[in-house]
Amino acid sequence: QVQLVESGGGLVQPGGSLRLSCAASGSILTIDVMGWYRQASGKERELVAILTSGGTTNYADSVKGRFTCSRDNAKNTVYLQMNSLKPEDTAVYYCNARRIQTRTAYYGMDFWGKGTLVTVSS
């Protein structure tokens, strides 16, 4: 079974930076789409950034120019570099992966990590 494990969350002051990582495991051969979503307290989960295996990216307008999503396909790992963080970036950040080919099966469904909390506060 495919598993996603995030790391890198924490407390940071406004204007600071954090880097999130998410590693996928489970006899994976290829992952078409990997990325990040977030959910602030009392709000719905929203897209932050996604990146296809071909290099196409999609960012939420609120993070463009501040966040960068990248991948290491050999390691089945996706990263989110977050700069110029604002208090409104405070949320639980979830890793997402979809359209996954493993040695034994193809999964078109979404897989999610358990989430990592990012708090931006002075």
Side-chain angles (χ1 to χ4, degrees):
Q1 182 71 331
V2 174
Q3 291 188 325
L4 305 178
V5 178
E6 303 106 333
S7 60
L11 173 64
V12 63
Q13 292 186 342
S17 298
L18 277 177
R19 189 190 194 211
L20 305 183
S21 300
C22 171
S25 61
S27 299
I28 294 169
L29 298 177
T30 60
I31 304 174
D32 187 19
V33 182
M34 295 189 79
W36 297 91
Y37 289 71
R38 68 185 181 187
Q39 187 167 17
S41 180
K43 295 187 177 181
E44 294 186 353
R45 191 173 298 189
E46 63 177 3
L47 169 74
V48 177
I50 56 172
L51 176 59
T52 71
S53 58
T56 301
T57 58
N58 185 22
Y59 290 94
D61 287 342
S62 60
V63 307
K64 284 180 180 177
R66 300 188 298 121
F67 291 10
T68 302
C69 185
S70 61
R71 289 175 60 164
D72 184 335
N73 291 327
K75 296 181 179 179
N76 294 318
T77 299
V78 64
Y79 306 95
L80 186 67
Q81 178 65 43
M82 304 184 292
N83 299 327
S84 303
L85 282 160
K86 305 175 181 180
E88 51 263 44
D89 294 317
T90 296
V92 177
Y93 284 70
Y94 295 92
C95 178
N96 171 268
R98 68 185 77 133
R99 297 199 287 271
I100 299 172
Q101 180 69 57
T102 70
R103 288 193 174 90
T104 57
Y106 175 78
Y107 299 96
M109 59 190 280
D110 283 300
F111 286 89
W112 297 93
K114 293 182 178 180
T116 184
L117 177 63
V118 172
T119 303
V120 184
S121 175
S122 55

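No continuous path of ILVMFWY side-chain contacts below 4.5 Å connects Leu51 to Ile31, so the two sit in separate hydrophobic clusters.
By the 6.0 Å contact criterion, CD on Glu44 is open, its count of non-hydrogen atoms from other residues, nucleotides or ligands being 12 or less. Applying the 6.0 Å contact sphere to CD of Gln39 captures more than 12 heavy atoms from other residues, nucleotides or ligands.
Pairs of residues two or more places apart, or lying in two chains, that qualify as disulfide (SG to SG under 2.5 Å) and include a residue from residues 76-122 are Cys22-Cys95.
Between the side chain of Thr90 and the backbone N or O of Val120, at least one donor-acceptor pair lies under 3.5 Å.
For the pair Arg99 and Tyr106, the cation does not sit on the ring face, since its NZ or CZ is not both under 6.0 Å from the ring centre and inside 45° of the axis. A cation-pi arrangement, defined by a distance under 6.0 Å to the six-membered ring centre and an angle within 45 degrees of its axis, is absent between Arg98 and Trp112.
We find that Glu6 and Lys114 are not joined by a salt bridge, their nearest charged nitrogen and carboxylate oxygen being 4.0 Å or further apart. Contact check on Asp89 versus Lys86 returns no salt bridge, with no Lys/Arg side-chain nitrogen under 4.0 Å from an Asp/Glu carboxylate oxygen.
Atom OH in Tyr107 sits 5.0 Å away from atom CD in Gln1 (nearest 0.5 Å). Distance check, rounded to the nearest 0.5 Å: OH of Tyr94 to CG of Asp110 gives 14.0 Å.
With 3.5 Å as the limit, one finds a donor-acceptor pair spanning the side chains of Ser17 and Asn83.
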